[in-house]
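Note sheet for the following structure.
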Amino acid sequence: MSETPQTPPQTPQQPSQQAPQTARGPADAETAPYSGAAADRAAEFTPRRVRTVHLRRFKEAGERFAMLTAYDATMAGIFDRAGVEVLLVGDSAANVMMGRSTTLSMTVEEMLVYSRSVVAGAERALVIADVPFGSYEASPQQAVETGVRLMKEGGVHAVKVEGGAAMAGHVRAMVAAGIPVMAHIGFTPQSEHALGGYRVQGRGEAGERLLADARALEEAGAFSVLMEMVPADVAAEVDAGLAVPTVGIGAGSGTTGQVLVWQDMLGLTAGRKPRFVREYADLRSTVAEAVGAYREDVRTGRFPAEEHSFDD
């Protein structure tokens with residue numbers, strides 16, 4: 001299947017001309033499953049299967065891509081059909097799916113369940129899985145073994161590893177073993193205790209160290225670098241200093257891609273939200289209202305009605 005990118009089809013006045021090649025979507029871009037202007041544009045400009053090479057082409061073309069967390073087949077399918085290029089099976093599942101206060105308790109076995117679920121629902125997006133805390137730090141060999149499991153048993157297309165230049169050897173070994181790696185620097189949730197809590201990283205002289213970390217991870221073979229809770233100007237400098245694409249979360253608008261936890265983005269998360277979150281819907285209220293209406297209909301006998309019942 002061709003993955004050579006091309007520009008949108010020619011206008012109706014030029015039906016016989018073949019579309020010239022560019023750095024964006026492929027000739028076999030599929031628009032049928034999509035609806036709405038934004039989704040149609042996404043389907044037109046991205047490939048049938050997004051791969052790491054396409055993310056690099058986004059950066060080379062000065063374009064951006066969207067990334068969301070996903071933990072189940074239903075939501076993965078919705079995000080996939082809406083044109084989201086990258087789905088992250090985040091260890092944030094420990095928080096938003098299992099109600100835990102930290103990501104540190106996430107196990108490889110739990111990550112495999114979530115990974116298989118997301119892969120089952122995503123036909124087009126690049127699916128990346130977090131490598132859980134305690135399953136890669138000990139040695140490059142341990143990192144390779146866990147990465148292999150996530151790809152072989154979980155079915156994901158790449159993995160994400162937290163840590164700076166100290167993880168370069170681990171990343172190099174994983175890439176050599178055929179495991180595409182996204183590196184994660186800045187605030188790294190798995191190191192929250194070592195970092196002294198949820199704090200912005202990379203301010204002042206630490207910005208130079210962040211750039212050094214990013215370059216070391218790129219040199220080790222990481223196909224992308226994710227930056228979390230980093231000053232916008234520092235993140236932009238890192239992006240400009242790398243050939244590989246960057247992803248930001250709380251890192252300003254200067255990165256190639258952006259990622260959010262989907263429950264935050266759709267307004268399902270209760271309580272205080274991080275400054276970098278933008279809510280695109282208020283599903284918490286919508287769901288609560290719908291469930292309340294359902295309960296009331298059950299209590300009053302309005303549901304099930306005759307049309308919801310079977311005849312003899």
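- No more than 12 heavy atoms of other residues, nucleotides or ligands sit less than 6.0 Å from atom CD of E208.
- A donor and an acceptor atom, one from each side chain of E289 and Y294, are nowhere located under 3.5 Å apart.
- One side chain, E192 or T102, offers a donor N or O that lies under 3.5 Å from an acceptor on the other.
- In this structure, E123 does not pair ionically with R49, as no charged nitrogen and carboxylate oxygen lie closer than 4.0 Å.
- For the residue pair S92 / N95, no side-chain donor-acceptor distance below 3.5 Å is found, with atom types taken as modelled.
- Taking 4.5 Å as the limit, every side-chain heavy atom of V89 sits out of range of all side-chain heavy atoms of D130.
- Under the 6.0 Å cut-off for aromatic ring centres, H170 and Y136 do not qualify, their centroids lying 6.0 Å or more apart.
- More than 12 heavy-atom neighbours from other residues, nucleotides or ligands sit within 6.0 angstrom of CD on E307.
- At least one side-chain heavy atom of M97 sits less than 4.5 Å from a side-chain heavy atom of Y114.
- Taking a cutoff of 4.0 Å between a charged side-chain nitrogen and a carboxylate oxygen, E145 and R149 do not qualify as a salt bridge.
- For R278 and Y280, the positive end sits near the middle of the six-membered ring, less than 6.0 Å away and at most 45° from its axis.
- Heavy atoms from other residues, nucleotides or ligands lying under 6.0 Å from CZ of R203 number 12 at most.
- Ion pair D239/K59 flagged as a salt bridge, since at least one NZ, NE, NH1 or NH2 atom sits closer than 4.0 Å to an Asp/Glu carboxylate oxygen.
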